[in-house]
2 protein chains.
Amino acid sequence: MLHDPAQLDRMFQALADPARRQMVDRLSRGPASVSQLAEPLAMSLSAVVQHLNLLEASGLVRTQKLGRVRTCQIEPTALRAAEHWINERRLAWERRLDRLGDFLAETKDET
Amino acid sequence: MLHDPAQLDRMFQALADPARRQMVDRLSRGPASVSQLAEPLAMSLSAVVQHLNLLEASGLVRTQKLGRVRTCQIEPTALRAAEHWINERRLAWERRLDRLGDFLAETKDET
DNA sequence: GCAATAGTTAAGTGAATGCTTGAGTATTGG
DNA sequence: CCAATACTCAAGCATTCACTTAACTATTGC
């Protein structure tokens, strides 16, 4: 389920918004309630809840409600999936460059 | 300029679209012309050019025109910036978990 | 019990996005 | 020279997005 392309899509989509990235950033320093997440953001609590729902649907954040407080946490495995996608592409490119370098060095030797 | 928040924003924004990610994926396997990028995509060439312009503005892709052919390449340093942002947050969370584990182990010893 | 707290839900709005079509501009092979 | 190629640019359009406000529900502390 980590490599579900639709899930990857929701994840990158979720990370595309600066407010949501700020929320992820805040959560990387420890769990927080919805109000705590909202506090530094210049928008209504309702807007924050909507962002949070998206983050949860994307798998980046997990939440649980105790009483009237919803506590939010980062889901590191989801972050790792996004990280991995980018890393794979970058490495593929860099490996290609290396092979090209090797090839050029070789053909230069053959003078 | 790699840590310009506006640039990071454009980058995550660029990666949020599946067509654009498919283009990055294709480019990770080597340079390509606009038409080559368009070939597997179910949309007009014009649409592809619009995606490409966004990718270029985000710094993820560099292009150069020779004659009538625009050749596109990945810019790995930009990919690295996105990767780095995610990685930092994930590591911050995981380090926090480790410290928490240590604390729990310590307090358990003190019985 | 009742007011304050913490969050939820729904409806609406304006701006941004992802396309399309159509008309144009260089370049290039024959 | 001229037709095919390889884009490029500008409008227009439907959908999605990021909000807002307003009304509502569920806890908690006194």
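In the text below, chain A, chain B and the rest are named by the order of the sequence lines, each starting its count at 1.
To the nearest 0.5 Å, atoms CD (A:Gln7) and OG (A:Ser58) are separated by 7.0 Å. Rounded to the nearest 0.5 angstrom, B:Gln50 CD and B:Ser44 OG are separated by 7.0 Å. For the atom pair CG of B:Asp25 and CD of B:Gln22, the computed distance is 7.5 Å after rounding to the nearest 0.5 Å.
A cation-pi arrangement, defined by a distance under 6.0 Å to the six-membered ring centre and an angle within 45 degrees of its axis, is absent between B:Arg90 and B:Trp93.
Using a 4.0 Å heavy-atom distance criterion, B:Gln36 is classed as making no nucleic acid contact.
Looking at heavy atoms from C-beta onward, A:Arg96 lies in side-chain contact with B:Pro31 at the 4.5 angstrom threshold. At least one side-chain heavy atom of A:Glu56 sits less than 4.5 Å from a side-chain heavy atom of A:Arg70. With a 4.5 Å cut-off on side-chain heavy atoms, B:Trp85 and A:Arg21 count as touching.
Computed from coordinates, the B:His51 NE2 to C:dT17 C1' distance equals 9 Å when rounded to whole Å. One can place CZ of A:Arg68 at 18 Å from P of C:dC2, the figure rounded to the nearest angstrom. Rounding to whole angstrom units, CG of residue B:Asn53 and P of C:dC19 are separated by 14 Å. Rounded to whole Å, the distance from CZ on B:Arg70 to P on C:dA26 is 16 Å. In this structure, B:Leu55 places its CG atom 11 Å from P of C:dG18, rounding to the nearest Å. Whole-Å rounding puts the B:Gln13 CD to C:dT17 C1' distance at 9 Å. Rounding to whole angstrom units, CG of residue A:Asp17 and C1' of C:dA15 are separated by 14 Å.
A 6.0 Å sphere centred on CD of A:Glu39 holds no more than 12 heavy atoms belonging to other residues, nucleotides or ligands.
Nearest-nucleotide assignment on DNA chain D puts the 5′-proximal partner with A:Arg20, out of A:Arg20 and A:Leu66.
Along DNA chain D, the stretch of nucleotides lying under 4.0 Å from any heavy atom of chain B spans, 5' to 3', D:dA4 to D:dA10.
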> Please walk me through it: do B:Ile86 and A:Leu15 pass side chain to side chain contact (heavy atoms under 4.5 Å, CB included)?
Replying inline: CA-CA 9 Å; B:Ile86 302 177; A:Leu15 287 174; 4.1 Å; yes
Show each protein N/O and nucleotides 20-23 of chain C N/O combination with a separation under 3.5 Å, one pair to a line.
| residue | atom | partner | partner atom | Å |
| --- | --- | --- | --- | --- |
| C:dT20 | OP2 | B:Ser44 | N | 2.9 |
| C:dT20 | OP2 | B:Ser44 | OG | 2.8 |
| C:dT20 | O4 | B:Gln50 | NE2 | 2.9 |
| C:dT21 | O4 | B:Ser46 | OG | 3.2 |

